[in-house]
There are 2 protein chains.
Amino acid sequence: MAARRPRERGVTVEDVARVAGVSRQTISNALNAPHRLKPETLERVSAVIEELGYRPDQSARSLRSGTRRIIAYPAPVDDPANPNALMGGFLEAVVAASGEAGYRVLLVRPRPGQSQEQALDELIAARTVDGFLLSDVLRDDPRLAHLTQAGFPFAAFGRTAPDQPQSWVDVDSAQAVIDMVGLVAARGHRRVAFLASSSGLPWMDDRRDGFLAGVRRHGLAGQVYSVPGDDPGEIIKATRELLTGRDRPTAIVAGGDWLALGVYTVARAEGLEIGTDLAVTAFDDLPVTAWLQPALTTVRLPLHGIAKALISRLLQIIEDGVTPRAGLVLPGEPVIRPSLGPPHAL
Amino acid sequence: MAARRPRERGVTVEDVARVAGVSRQTISNALNAPHRLKPETLERVSAVIEELGYRPDQSARSLRSGTRRIIAYPAPVDDPANPNALMGGFLEAVVAASGEAGYRVLLVRPRPGQSQEQALDELIAARTVDGFLLSDVLRDDPRLAHLTQAGFPFAAFGRTAPDQPQSWVDVDSAQAVIDMVGLVAARGHRRVAFLASSSGLPWMDDRRDGFLAGVRRHGLAGQVYSVPGDDPGEIIKATRELLTGRDRPTAIVAGGDWLALGVYTVARAEGLEIGTDLAVTAFDDLPVTAWLQPALTTVRLPLHGIAKALISRLLQIIEDGVTPRAGLVLPGEPVIRPSLGPPHAL
DNA sequence: GCGTCGGATATGAACGTTCAAACGATCTTC
DNA sequence: GAAGATCGTTTGAACGTTCATATCCGACGC
């Protein structure tokens, strides 16, 4: 292959032991089981560790102990229409949560020509990671089936099937949208539309179901509009149809902030004033919506709570072998802003 | 600590050797130096490897060979005003480029209370990664100084100091902005303003310098407006001052798409039509600008090219010990859209 | 005073791989 | 036909840690 630079050798457990006048194992214990050491020994050893800047070699540790302290996160493709992952700050939250637990995040993606399952298998077989954190899980997600069959630890943002480990965390999207519909209803709106992106995505289905439950509960006239594609052009086209047809809705509950951007664009073009002529709510609270005028009423995802819960569950599987008996559902946080219009507007 | 599940033992080199009827080392060579094997042996061994699904244990390999096949990427905080990193798809490109080279990306961030340098040291001392990929490098970035002193491999998106390894890649922001000014000048604009975010960020300085060079070259009246903060409120406030003062510019060259969003917002409120009353150009080509009406003229960063070049340089340092003699400057790609206005508008 | 216990530390082995060197067989060379 | 040179393969050792077990030492019970 290639010429390799001479390997600079670091401080080893042997070096520390020699300086501290104790054995290897005592150094190891000082780091992994400090309670076993006499307090004075611990103090002395810690001082030497600090002084020499000793850090156990991660590879050697992993080889012997079988634990990698690394979690793999299969990065979803950064699709704006699917802001759960990178864009929404979820990755941020995951890195923070796992870092606090002493784990690091390995970002993985199938190589060209490789299936998702093959990519997982490679990491499992090479014993590169201790577990997986999945997001954007689909109904019958092949990754879940694969990991379940392999008996490999994972935690999922999004529900798993009943016969799979219930190591998942999800947002109560349906309830959050019901709340949105409630807010719209309280302001006197009767004709309400739900704007959904191309379906099949479980979270979008949940939001739509919440909408349907909401209109039923409040006795509203609710219709669901699905946009065939995900790009701005299609969203705008579908939204224009919705807003220029007869029996135009007075309120739009969008399945995502991204869709609400389309509503703003069309409303502006059609001379409809949001918050007055048209109430708009959305979902996700993406940073970009800070630019919208009037500000957008939406649902904020508790990303840090989700990430913490996921890491906590994953580490319980990895470290204690305990698989959660049930999934965890966290509430979304309604963020009420002027796009909803004033109370009793109509 | 905690009860640990019995470690399931994987397929080892020993197992493959036994089945294939050769020695350990031959298996190792089949994977790492296939040219050393007789073709028929290679074929037989490969078949057995495939059959047993053997993958070398990453930890054992790392321990012995000293190579981790992992690159650390210190994740910048996901600040919308700084869209170089997560939001702009750079991370995507990095994962793809390193994956193709057989490396994985470890996302790291200092733990609470830990300095950036300490976080780097920890990874170096624990021999967790082979090198670092840095983005959002500042002038006199302490991370660069630290890694240089430690003699540890890195590559940087953004220029390094002259006394540091020239293992950097950067975009020719200045030239790209000069081009933008040229486009504006060609359309007859004379009073042009540059909108910058809170300064001190090298790439923003480069863009501003490009603007100044551009107005000088074309003999325009150019002024630079710096926004004190990074959040939408401040950007809008500064932009409003700019657009309502006397001698209002007829063209705005924004230092970033994020700033251009402010221009659109203010222009709309002030009744100025973009592309007619006001020409607007920007920088970054963020996905969100797809929503702007009229579409935004901007500069696209060649993120995949940047990532590929960075990985290539980093691996040359890691694998061959060769440090690049000079940095690499890639051009930005002007993307001309209607916000610029028609040719010879004035 | 002797055996027993328990806490603290030490020792040998093992994790699974690749390195460095050795080995045997075949091919050159004169 | 002997002395290398080359090729393909094998062997012993080493990477740096933690596991499992052994050892040491003082305290305690009877």
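Lettering of chains follows the sequences in order, A, B, ..., and the numbering in each one begins at 1. Computation of the quantities below employed the complete heavy-atom set of this structure, encompassing side-chain atoms and omitting hydrogens, waters and symmetry-equivalent molecules. Small disclaimer: the values here were computed from a predicted structure and weren't measured.
Judged as a side-chain contact (heavy atoms from CB on, under 4.5 Å), and not counting sequence neighbours, the contacts of B:V48 are B:V16, B:V19, B:A20, B:L52. Residues that satisfy the side-chain hydrogen bond (donor to acceptor under 3.5 Å, both in side chains) test with B:R44, not counting sequence neighbours, are absent from this structure. Applying the side-chain hydrogen bond (donor to acceptor under 3.5 Å, both in side chains) rule to B:R143 yields the partners B:D141; only residues at least two apart in sequence or on another chain are considered. By the side-chain hydrogen bond (donor to acceptor under 3.5 Å, both in side chains) test, A:T26 is found to be paired with A:S23, residues two or more places apart in sequence or in another chain being considered.
The terminal axes of the helix from C:dG1-D:dC30 to C:dC30-D:dG1, fitted over 5 pairs per end, subtend an angle of 40° to the nearest 10°.
Rounded to whole Å, the distance from CG on A:L63 to C1' on D:dC15 is 9 Å. Here the C1' atom of nucleotide D:dC15 and the CZ atom of B:R68 are 10 Å apart, to the nearest Å. For B:N32 and C:dG16, the CG to P distance is 17 Å, given to the nearest whole Å. For A:R69 and D:dT17, the CZ to P distance is 16 Å, given to the nearest whole Å. One can place CZ of B:R64 at 15 Å from P of D:dT17, the figure rounded to the nearest angstrom.
Nearest heavy atoms, B:V129 versus B:A72: CG1-CB, 3.8 Å.
The side chain of B:R127 has D:dG16 as its nearest neighbour among C:dT18, D:dT18, D:dG16.
Salt-bridge annotation for A:E122 and B:R104: present, with a side-chain N of the basic residue lying under 4.0 Å from a carboxylate O of the acidic one. Remark: A:E319 engages A:R69 in a salt bridge, criterion side-chain N to carboxylate O under 4.0 Å.
The shortest distance between the side-chain N/O atoms of B:S65 and the OP1/OP2 oxygens of C:dT17 is not below 4.0 Å.
Looking at B:S62 and B:Q58, their side chains do bring a donor and an acceptor atom within 3.5 Å of each other.
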Nucleotide by nucleotide, 5' to 3', does protein get under 4.0 Å of the base (B), only the sugar-phosphate (S), or neither (-) in nucleotides 6-11 of chain C, counting heavy atoms? --SSBB
